[in-house]
Novice: 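The structure's right below; bear with me while I get my questions together.
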Amino acid sequence: MTSIFSLSVITGYFSVWGVSPALHTPLMSITNAISGITAVGGLLILGGGYFPHSFPQALASTAVLLSSVNIAGGFVVTQRMLDMFKRKTDPEEHNYLYAIPGSLVAASLFAAYSTGTISVYQMGYLAASLCCIGGISGLASQATARIGNALGIIGISTGVITALCSLNFAAPLLTQALCLLGAGGAAGLILGKR
């Protein structure tokens, strides 16, 4: 764990070091969204059925809800800030096409879950980590900032889906987790657009 921590510190330092000063505010909002991966910590403690049955489970459900607000709101705010830098002469962007590889990763994780191939989950976490690092690194310049936001979205989505698959929740608990993630995400989108 010490080596992983050391590599994380080095990677984080070099990812943030090259960011131009004009992009520091979008960088803060995307790192805020990526820090919402604390939703996975809440998912690990989540318990009960459709509703939590104990105080720690209620705190975990609150953490999942608030973290998902943080995730969705952070990415929306980042996109809004990047749109402020957009000029009318910039070429048309098709960043929505990044949903294709993101969907393929999610489909692969669900296929692995349905076949019981649990060794794939480590690859899911690795892909999520690399996309999040790429998302932060993408904000180093104006030319790659929008791609960085898309990579961050793919990374966080992959991390949450991998966690949901690896935890193998019973149907009532899965319903609780999905409702919390969905409600928090919707609230984050609404608050981010204000």
Side-chain angles (χ1 to χ4, degrees), residues 11 15-16 18-20 22-40 43 64-114 120-121 123-165 177-194:
T11 303
S15 296
V16 174
V19 176
S20 64
L23 294 172
H24 279 199
T25 305
L27 174 71
M28 287 189 305
S29 61
I30 196 170
T31 53
N32 186 38
I34 290 173
S35 72
I37 199 65
T38 54
V40 173
L43 289 172
V64 171
L65 180 70
L66 294 178
S67 295
S68 58
V69 170
N70 200 21
I71 291 168
F75 287 121
V76 169
V77 168
T78 301
Q79 188 61 45
R80 286 183 63 197
M81 283 189 230
L82 292 175
D83 287 343
M84 291 187 324
F85 294 110
K86 195 170 184 177
R87 296 175 298 231
K88 293 180 181 179
T89 58
D90 287 344
E92 187 178 347
E93 295 177 346
H94 303 284
N95 290 337
Y96 59 89
L97 293 175
Y98 281 102
I100 295 170
S103 300
L104 290 175
V105 169
S108 300
L109 288 167
F110 288 132
Y113 173 75
S114 66
V120 171
Y121 299 145
M123 292 302 293
Y125 289 131
L126 176 64
S129 301
L130 291 175
C131 285
C132 288
I133 291 169
I136 293 171
S137 298
L139 284 169
S141 74
Q142 186 64 35
T144 59
R146 286 176 170 62
I147 295 170
N149 197 30
L151 283 174
I153 292 169
I154 292 170
I156 292 297
S157 301
T158 301
V160 171
I161 290 170
T162 303
L164 284 173
C165 290
L178 292 176
C179 287
L180 290 168
L181 289 168
L189 289 174
I190 292 168
L191 292 172
K193 290 183 179 180
R194 286 187 173 194

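For clarity, every value in this text was computed on a predicted model and none was experimentally measured.
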Novice: Would you compute the distance between atom CD1 of I71 and atom CD1 of I37 and round it to the nearest 0.5 angstrom?
Specialist: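 Reported to 0.5 Å precision, the distance equals 6.0 Å.
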
Novice: Go through L178 and L164 one step at a time and tell me if the side-chain contact (heavy atoms from CB on, under 4.5 Å) criterion holds.
Specialist: CA-CA 9 Å; L178 292 176; L164 284 173; 3.9 Å; yes

Novice: Looking at CG of N149 and CD1 of I154, how far apart are the two atoms once the value is rounded to the nearest 0.5 Å?
Specialist: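 Reported value, rounded in 0.5 Å steps: 10.5 Å.
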
Novice: For the residue pair Y125 and G159, what are the closest heavy atoms and their distance?
Specialist: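 Looking at all heavy atoms of both residues, the shortest contact is CE2-O, 4.0 Å.
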
Novice: Measure the spacing between OG of S141 and CD1 of I147 and express it to the nearest 0.5 Å.
Specialist: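 Spacing of OG (S141) from CD1 (I147) equals 8.5 Å.
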
Novice: Crowded around M123 CE? As in, over 12 foreign heavy atoms under 6.0 Å?
Specialist: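 Not buried by this count: 12 neighbours or fewer within 6.0 Å.
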
Novice: What verdict does the side-chain contact (heavy atoms from CB on, under 4.5 Å) test give for V120 and Y113, after you've listed the backbone C-alpha separation in whole Å, the side-chain angles of each residue and the deciding distance to 0.1 Å?
Specialist: CA-CA 9 Å; V120 171; Y113 173 75; over 6 Å; no

Novice: To the closest 0.5 Å, what do you measure between SG (C131) and CD1 (I156)?
Specialist: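 Between atom SG of C131 and atom CD1 of I156 there are 10.0 Å.
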
Novice: Looking at L65 and L180, what are the two nearest heavy atoms and their distance?
Specialist: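 Smallest heavy-atom distance, with atoms named: CD1-O, 3.5 Å.
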
Novice: Inspect the surroundings of OH in Y98 and state if more than 12 heavy atoms from other residues, nucleotides or ligands are less than 6.0 Å away.
Specialist: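 Result for OH/Y98: open.
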
Novice: Could you walk me through whether R146 and D83 pass the side-chain contact (heavy atoms from CB on, under 4.5 Å) test, one step at a time?
Specialist: CA-CA 9 Å; R146 286 176 170 62; D83 287 343; 3.3 Å; yes

Novice: Closest approach of G185 and S68, non-hydrogen atoms and distance?
Specialist: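 Here G185 and S68 meet closest at N-OG, 3.8 Å.
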
Novice: Do you know the tightest heavy-atom contact between L109 and C165?
Specialist: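 Heavy-atom minimum between the residues: O-SG, 4.1 Å.
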
Novice: Nearest 0.5 Å, what's the NZ-CG distance between K193 and L189?
Specialist: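 The NZ atom of K193 sits 6.0 Å away from the CG atom of L189.
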
Novice: Which heavy atom of S114 sits nearest a heavy atom of A111, and at what distance?
Specialist: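 Here S114 and A111 meet closest at OG-O, 2.8 Å.
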
Novice: Rounded to the nearest 0.5 Å, what's the gap from CG on N70 to CG on L191? Could you check?
Specialist: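 One finds 11.0 Å between CG of N70 and CG of L191.
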
Novice: If you look at every heavy atom in A163 and V40, which pair is closest and at what distance?
Specialist: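 In terms of heavy atoms, the two residues are closest at CB-CG1, 3.8 Å.
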
Novice: Between R87 and D90, is the closest basic N to carboxylate O distance under 4.0 Å?
Specialist: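 Answer for the salt bridge query: yes.
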
